[in-house]
Amino acid sequence: MPPKMVLAMKGTVDDVMFYKEEDGYIVFDLETEEAMVTVVGELGLLEPGEEVELTGNFVTHPRFGQQFRADSCVRALPSTVVNIERYLASGVIRGIGKALAKRIVSEFGEFTLQVIEKEPEKLCRIKGISPQKCEEISEAAQQIFGLRSLMGRLAAFSIPASVAMKAYRRWGTPAWELIQENPYRLCTEGIGLDFRAAERIASALQIPSNSPKRLLAGFRWLLETAALEGHTCLPFADFHTIALQGLGIQEQDFQSGYDEAIEERVIYLYHAAEGDFIYLDLYYQAEDFIASRIAAKLAFSSPEEFDCAKAIEQEEQATGITYAEQQKKAISAAFSRGIMVLTGGPGTGKTTTLNGVIHLCTKAGSTVLLAAPTGRAAKRMTELTGKEAKTIHRLLGTEYNESGELTFMHDERNQLQADVIIVDEVSMVDTLLFAGLLRAVRLSARIVLVGDVDQLPSVGAGQLLQTLIESKRIPVVRLTEIFRQAQESCIIRSAHRIVNGEMPDLLEKQSDFFFFDRRNANEAAAFLKDLYSRRLPQAYGFTPQTDIQVISPTRKGIVGTIALNQMLQETVNPPQYGKMIMKNLLYTFREGDKVMQIQNQYEMEWVKDQERGAGIFNGDMGTVTVIDKASNTLKVDFDGKIVTYRPDQLDQLELAYAVTVHKSQGSEFEAVILVLPEGRDRLSYRSLLYTAVTRAKKLLILIGSPYKVREMVQNHQRTVRYSCLSDMLQNMLSREEDES
């Protein structure tokens with residue numbers, strides 16, 4: 001296939017329709033000599049009146065039609081009087097509005113921008129500009145011109161505008177000089193340029209491949225890449241091999257760079273029983289802290305005057321509940337140990353046990369806090385216990401430090417005022433988040449960790465719940481007895497068969513589980529559409545948007561979540577005359593749409609009745625209630641919390657008629673339609689199927705191929721995640737035992 005021809009285009013920015021500050025993605029109309037053209041690309045913020053030269057290609061968007069996809073942009077300040085006035089009137093320079101822009105341009109004409117940049121004191125000639133205002137305009141203008149200059153320099157290396165903006169925020173005017181000295185500074189936290197992109201600048205600056213600054217950044221990049229795959233560390237031999245290959249260096253270069261990285265604490269060498277491992281300092285500190293804090297908590301003993309057995313007996317008499325022996329053991333452990341794990345599959349009584357712990361702790365005068373990793377999981381925990389649960393992030397509180405990095409308000413210096421902390425869905429909690437939680441928990445407080453170890457592991461690095469259980473040093477109560485009422489559910493029986501490596505009975509037509517053999521993707525999608533919109537509402541009285549959740553392992557393809565969302569939206573919430581819409585790059589949103597927040601936004605405000613607060617989190621589901629064209633805003637109701645979105649914030653939302661298994665984790669739905677597309681892929685494994693099946697509360701419908709189900713059931717190969725937490729914990733406890 002011949003390469004695409006690169007086209008060039010020149011014109012003036014007419015109107016900006018969309019801009020995303022995080023990555024500099026922009027959609028705007030470009031006025032050329034021939035026509036008005038819609039342009040898209042990661043070009044940074046452009047203002048009406050700016051003159052640009054673009055290179056790229058025309059593309060056809062399935063929804064928005066023909067657009068010019070720009071790969072590069074050479075920016076020039078407007079040169080004509082008309083465009084200079086448009087540029088200033090856009091508000092690009094703080095303190096200059098439309099009226100003042102007109103007066104300034106009338107005075108200085110085509111030399112206006114040179115005056116603002118080089119001779120700002122002349123602005124005092126203009127009516128309404130005092131010396132103080134002149135200074136404010138000059139400072140704002142210098143920021144604009146400095147940022148533009150940095151963007152232009154970095155654009156020559158195809159570095160996104162968003163990186164230039166972050167670098168300028170951090171370093172200001174000296175940014176380019178600092179980057180020239182060490183381009184790998186752009187890879188640091190808070191700016192986050194990919195190492196390979198920084199390599200382009202380094203190559204142009206002729207920085208040698210064995211430069212210490214390159215090796216330090218390269219080692220960090222290799223370990224950060226490993227963390228994205230779930231590893232908190234790497235075996236030294238693996239790290240050594242990928243460093244030589246990935247960085248293209250010789251052994252002597254590796255050794256000198258390695259020695260400096262250790263000395264500078266960029267990396268850390270840990271000697272484990274099974275060999276040596278290399279950590280990023282951040283992950284080493286986290287796992288070392290977790291191990292030391294757990295060791296301290298295991299030394300906790302309950303007050304001798306509290307008779308837990310008697311308290312459980314009184315609770316049984318008061319509630320009419322008879323606890324099984326394992327449940328009693330779990331409740332006792334929650335009282336007698338500083339930290340314990342409660343695990344078990346569906347129908348084994350985790351919720352009953354959890355409620356018993358909460359009631360008895362409360363009766364004993366303890367302050368109890370409940371938390372879960374996601375908003376949906378916290379909401380479900382609240383519903384099951386009748387006591388408010390918060391996301392871990394909300395429990396800890398978030399704020400930005402002087403470097404612009406997100407930190408927790410509760411830590412060692414400001415700990416949570418609680419006697420007992422209960423955390424649900426711990427399989428979703430990663431290493432860094434758990435370390436943050438432990439820092440905020442008093443040594444005297446007890447921690448109860450609840451989760452299903454057979455579900456998917458956390459998205460972030462580590463495999464915390466599995467590691468803690470397999471260490472065999474922490475009290476673990478595993479509930480295995482399926483209670484009689486739960487045994488009547490084919491969903492629960494099927495889930496336990498799956499986790500035990502057995503095929504669920506796909507021929508059994510029980511009231512809560514049905515399998516439909518549809519191996520063709522188009523047939524499966526059509527059948528799913530009919531089930532969702534007609535058959536299930538008629539047969540069960542379910543409301544599609546609130547009661548039925550479609551789940552797919554993948555985002556792509558005919559039965560991936562993107563295509564399913566568009567199909568189901570057109571079915572249950574089609575376009576209507578007078579119904580307002582707003583768009584992001586992927587979806588068109590209408591009033592009444594079911595949507596999901598896909599980013600953590602700690603400072604995003606919400607209103608609930610007369611209450612105001614902040615914080616909307618990844619996985620929160622809601623309904624679009626109002627689209628106001630006058631204010632160009634969209635409102636979403638998240639369980640009574642009303643959040644207002646501007647156009648540039650819509651990338652945080654997706655339609656949620658269909659979600660991936662990972663996005664569904666921690667939630668429970670009245671009815672689930674699970675679609676399993678045929679074909680062997682990396683998503684065909686047991687824990688993913690088990691997680692999806694256990695999302696259904698009353699009804700599960702599985703659409704797909706029996707061969708696909710069998711393939712997933714049989715594939716119990718767990719992805720290896722390197723961590724030394726278990727070894728650290730063993731060492732900590734052995735040391736304490738030796739000292740005692």
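Throughout, numbering of the chain's residues begins at 1 and tracks the sequence.
- Here the side chain of S458 pairs a donor or acceptor atom with the backbone of G462 at under 3.5 angstrom.
- No more than 12 heavy atoms of other residues, nucleotides or ligands shown are found within 6.0 angstrom of OH on Y707.
- Under a 4.0 Å N-O distance rule, the pair R518/E523 does not qualify as a salt bridge.
- Looking only at distances, no side-chain donor or acceptor of T543 sits under 3.5 Å from a matching main-chain atom of T546.
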### Query
Run the side chain to side chain contact (heavy atoms under 4.5 Å, CB included) check on M621 and F669 step by step: do they pass?
CA-CA 12 Å; M621 286 188 182; F669 309 96; 4.1 Å; yes
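- The existence of a salt bridge linking K328 and E325 is confirmed by a sub-4.0 Å separation between a basic side-chain nitrogen and an acidic carboxylate oxygen.
- Proximity of a side-chain donor or acceptor of D620 to a complementary backbone N or O of I616 within less than 3.5 Å is not detected.
- We find that E481 and K350 are not joined by a salt bridge, their nearest charged nitrogen and carboxylate oxygen being 4.0 Å or further apart.
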### Message
For a side-chain hydrogen bond (donor to acceptor under 3.5 Å, both in side chains) check, start with the C-alpha distance between N355 and T385, then their side-chain angles and the critical distance, and finish with the verdict.
### Response
CA-CA 6 Å; N355 281 326; T385 64; 4.9 Å; no
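- Panel note: side chain D454, backbone G344; no donor-acceptor pair is recorded below 3.5 Å.
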### Task
Step by step, work out the side chain to side chain contact (heavy atoms under 4.5 Å, CB included) result for V426 and F434.
CA-CA 9 Å; V426 178; F434 190 61; 5.6 Å; no
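- Checking side-chain atoms of Y657 against main-chain N and O of L564 turns up no donor-acceptor pair under 3.5 Å.
- Paired with I422 under the rule side chain to side chain contact (heavy atoms under 4.5 Å, CB included), one option of L342, V368, I447 passes, and it is V368.
- Across H410 and L395, no two heavy atoms sit closer than the pair CD2-O, 3.5 Å.
- No hydrogens or angles considered: nothing links the side chains of T588 and K583 as a donor-acceptor pair under 3.5 Å.
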### Task
Could you check E570 against R590 for salt bridge (charged side-chain N to carboxylate O under 4.0 Å, His left out), going step by step and ending with a plain yes or no?
CA-CA 10 Å; E570 294 301 305; R590 306 183 185 119; 2.8 Å; yes
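- D609 places no side-chain N or O within donor-acceptor distance of the main-chain N or O of E611, the cut-off being under 3.5 Å.
- With respect to the salt-bridge test (charged N to carboxylate O, under 4.0 angstrom), the residues K697 and E670 qualify.
- Side chain of R519 to main chain of S705: no donor-acceptor pair is present (N/O by atom type, distance under 3.5 Å, no hydrogens or angles).
- No donor-acceptor pair closer than 3.5 Å links the side chain of E315 to the backbone N or O of G356.
- Under a cut-off of 6.0 angstrom, the local environment of CD in E383 is crowded, with over 12 non-hydrogen atoms contributed by other residues, nucleotides or ligands.
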### Query
Hey, mind stepping through L700 and F514 against side chain to side chain contact (heavy atoms under 4.5 Å, CB included) and telling me if it holds?
CA-CA 6 Å; L700 172 67; F514 299 91; over 6 Å; no
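- Proximity of a side-chain donor or acceptor of R646 to a complementary backbone N or O of N632 within less than 3.5 Å is not detected.
- The pair E425-R380 counts as a salt bridge, with a side-chain nitrogen and a carboxylate oxygen less than 4.0 angstrom apart.
- A salt bridge does not link R721 to E229: none of the charged side-chain nitrogens sits closer than 4.0 Å to a carboxylate oxygen.
- Of the possible donor and acceptor atoms, none in the side chain of D639 sits under 3.5 Å from a partner among the backbone N and O of G622.
- Using a cutoff of 4.0 Å between basic side-chain nitrogens and carboxylate oxygens, K594 and E654 are not scored as salt-bridged.
- Aromatic ring pairs are classed by plane angle as parallel below 30°, tilted from 30° to 60° and perpendicular above 60°; the pair F638 and Y645 is tilted.
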